[in-house]
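Comments concern the structure below.
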There are 2 protein chains.
Amino acid sequence: MTMSKRDTYTPDTLLAVAVGVFIERGYDGTSMEHLSRAAGISKSSIYHHVRGKEELLSRAVGRALDELFGILDEPEACDGRAVDRLEHVTRRTTRVLMEEVPYVTLLLRVRGNTRTERWAVERRREFDLRVSELLKDAVAEGDLRADVEVRLATRLLFGMINSIVEWYRPDVRGAVDGEQVVDAVVRLAFDGLRR
Amino acid sequence: MTMSKRDTYTPDTLLAVAVGVFIERGYDGTSMEHLSRAAGISKSSIYHHVRGKEELLSRAVGRALDELFGILDEPEACDGRAVDRLEHVTRRTTRVLMEEVPYVTLLLRVRGNTRTERWAVERRREFDLRVSELLKDAVAEGDLRADVEVRLATRLLFGMINSIVEWYRPDVRGAVDGEQVVDAVVRLAFDGLRR
DNA sequence: GTCTATACCGTGATAGAC
DNA sequence: GTCTATCACGGTATAGAC
């Protein structure tokens with residue numbers, strides 16, 4: 001949370017600080033005073049860089065959404081058997097989650113009270129729907145089980161993936177290996193706990 | 001959110017109202033003014049029933065924790081093969097989640113800033129650890145795969161289960177059948193998506 | 001058990017000097 | 001680009017009448 005060389009902020013470097021505080025205290029629980037202390041500048045200086053608290057939130061969730069939707073445009077998510085495309089999306093989503101923990105965490109905690117939040121919720125649903133199409137195709141191609149409703153399966157799959165933000169901390173080096181997590185997610189999601 | 005016959009509150013009936021508001025607006029985003037409007041009484045009247053906002057939170061998460069820990073004491077969670085005990089706990093946890101959505105939702109959203117919240121986080125971790133013991137035993141008995149770390153598997157399992165509170169609404173009759181959800185969770189958790 | 005009135009403080013945001 | 005000073009407002013909580 002410290003600036004490496006420069007001691008002047010851009011919206012993006014300020015965002016990095018703010019997102020950390022939002023996650024620690026919750027968005028609503030964070031005051032401009034908290035942010036100013038964490039950034040080491042006064043409250044009013046923050047307003048020089050961003051319009052206010054909500055702009056910081058919308059920048060954060062926007063970044064997370066861009067990363068996630070980017071996955072759906074990757075060639076591996078567009079060609080081949082649906083089940084392979086789904087596995088690719090599962091792997092990449094998990095990876096993005098871990099690489100962008102703070103931003104995605106914020107995205108996942110948004111509940112839809114302000115305009116910004118409703119927009120974020122909407123786009124998340126859109127992402128889920130895109131993936132459940134993949135799941136539907138994979139069932140139709142005979143690769144996935146047909147005895148679990150597609151929408152429900154998608155929700156549970158993302159529930160598992162998204163929960164990673166609750167405990168994964170990338171800064172703790174060596175504590176949990178990233179690739180190990182991705183493999184575990186894919187194994188459990190596709191083949192389950194049972195031997 | 002309406003009182004059926006009585007128009008006077010007990011701490012518990014007031015809690016039911018408050019929990020609903022907490023979930024809609026977030027705990028930090030909820031003011032006593034919001035609560036008073038939802039309950040149809042004045043702010044100060046609320047203080048006659050409870051000490052303040054935080055007591056409402058601690059009552060809510062306490063109730064959720066009692067229900068969850070109750071599961072671990074059920075006979076089916078204590079006798080037999082570990083894998084069967086784990087499946088029982090999985091089923092029951094999912095059920096409790098759906099029956100007590102509002103209270104468990106609140107429990108899961110708590111981050112640990114106040115004393116109450118830290119206590120809740122602590123007890124949740126305790127519950128997780130108890131279940132990961134079950135998982136460890138099931139691996140040792142040869143029923144579960146050994147190529148995923150036990151603690152990691154537990155986290156992902158609960159990630160999937162807990163995510164149900166994000167979308168399941170018990171009041172929407174017939175929209176999603178409860179038993180269907182429990183079965184889906186068990187199938188995905190133990191056998192995975194793959195056919 | 002509920003009310004009105006109010007104390008007192010922290011909030012997001014702005015003005016204007018440097 | 002950052003500061004200090006300040007604003008109007010809404011926050012939790014309490015006092016005391018009914």
Side-chain angles (χ1 to χ4, degrees), chain A residues 1-61 106 109-111 113-117, chain B residues 1-61 106 109-111 113-117:
Chain A
M1 233 64 83
T2 52
M3 305 293 294
S4 46
K5 297 200 169 181
R6 298 241 124 264
D7 220 0
T8 186
Y9 283 105
T10 66
D12 271 356
T13 57
L14 183 60
L15 180 61
V17 175
V19 164
V21 185
F22 285 158
I23 286 167
E24 241 184 288
R25 320 185 74 101
Y27 176 72
D28 283 321
T30 302
S31 72
M32 294 303 282
E33 184 72 33
H34 293 140
L35 293 181
S36 87
R37 273 202 288 265
I41 58 178
S42 70
K43 276 196 293 177
S44 49
S45 295
I46 293 178
Y47 288 93
H48 183 265
H49 300 286
V50 293
R51 255 193 237 277
K53 226 173 90 168
E54 189 160 358
E55 183 177 323
L56 287 165
L57 181 65
S58 74
R59 277 174 184 268
V61 301
L106 230 45
R109 291 195 184 160
V110 140
R111 300 297 156 198
N113 294 315
T114 68
R115 213 187 311 262
T116 302
E117 297 185 39
Chain B
M1 231 64 83
T2 53
M3 307 290 296
S4 46
K5 296 197 170 183
R6 296 243 122 262
D7 220 359
T8 186
Y9 282 105
T10 67
D12 271 357
T13 57
L14 183 60
L15 180 61
V17 176
V19 165
V21 186
F22 285 158
I23 285 167
E24 242 183 288
R25 320 186 75 99
Y27 175 72
D28 283 321
T30 302
S31 72
M32 294 303 281
E33 184 71 32
H34 293 140
L35 293 181
S36 88
R37 272 204 288 265
I41 58 178
S42 70
K43 278 195 289 180
S44 48
S45 295
I46 294 178
Y47 288 94
H48 183 265
H49 301 287
V50 293
R51 257 194 238 278
K53 226 174 89 168
E54 189 160 359
E55 182 177 323
L56 287 165
L57 181 65
S58 73
R59 277 174 184 270
V61 302
L106 230 46
R109 291 195 184 161
V110 138
R111 299 298 155 198
N113 295 315
T114 68
R115 214 188 311 264
T116 302
E117 296 184 43

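No hydrogens, no waters, no symmetry mates; every other heavy atom, side chains included, goes into these values. Chain identifiers are assigned alphabetically (A, B, ...) following the order of the sequence lines, protein sequences preceding nucleic acid strands; residue numbering begins at 1 within each chain.
- In the set C/dG12, D/dC3, D/dG11, the nucleotide with an atom closest to the side chain of A/S31 is C/dG12.
- Taken to the nearest 0.5 Å, the CZ atom of A/R37 stands 10.0 Å off from the NZ atom of A/K43.
- Nearest to the side chain of A/Y47, among C/dG12, D/dG11, D/dT4, sits C/dG12.
- The B/I41 side chain lies nearest to C/dT2 when the options are C/dT2, D/dA13, C/dT4.
- In the set D/dC3, D/dT12, C/dG12, D/dC3 carries the atom at the smallest distance from any side-chain atom of A/S45.
- For D/dT2, its base never sits under 3.5 Å from the side chain of A/T8 at any donor and acceptor pair.
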Audit row: B/Y27, B/R111, side-chain contact (heavy atoms from CB on, under 4.5 Å) steps and yes/no: CA-CA 11 Å; B/Y27 175 72; B/R111 299 298 155 198; over 6 Å; no
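- Rounded to whole angstrom, the span from the NZ atom of B/K43 across to the C1' atom of D/dG11 amounts to 7 Å.
- As rounded to whole Å, 12 Å separates atom P of D/dG1 from atom CG of A/L14.
- No donor-acceptor contact under 3.5 Å links the side chain of A/S44 to the base of D/dT2.
- For C/dT2, one of the phosphate oxygens OP1 or OP2 lies less than 4.0 angstrom from a side-chain nitrogen or oxygen of B/H49.
- B/Y9 places no side-chain N or O within donor-acceptor distance of the main-chain N or O of B/S45, the cut-off being under 3.5 Å.
- Put simply, CG on A/L35 is 14 Å from C1' on C/dG10, counting in whole angstrom units.
- Following rounding to the nearest Å, B/H34 (NE2) and D/dT12 (P) show an atom-to-atom distance of 9 Å.
- A side-chain donor-acceptor contact under 3.5 Å links A/H34 and A/S31.
- Distance from the side chain of A/H48 is smallest to D/dT2 among D/dC3, D/dT2, C/dT4.
- Residue A/K53 places its side chain closer to C/dA13 than to any other of D/dG11, C/dA13, C/dA5.
- When heavy atoms are screened at a 4.0 angstrom cut-off, A/S36 is found touching no nucleic acid atom at all.
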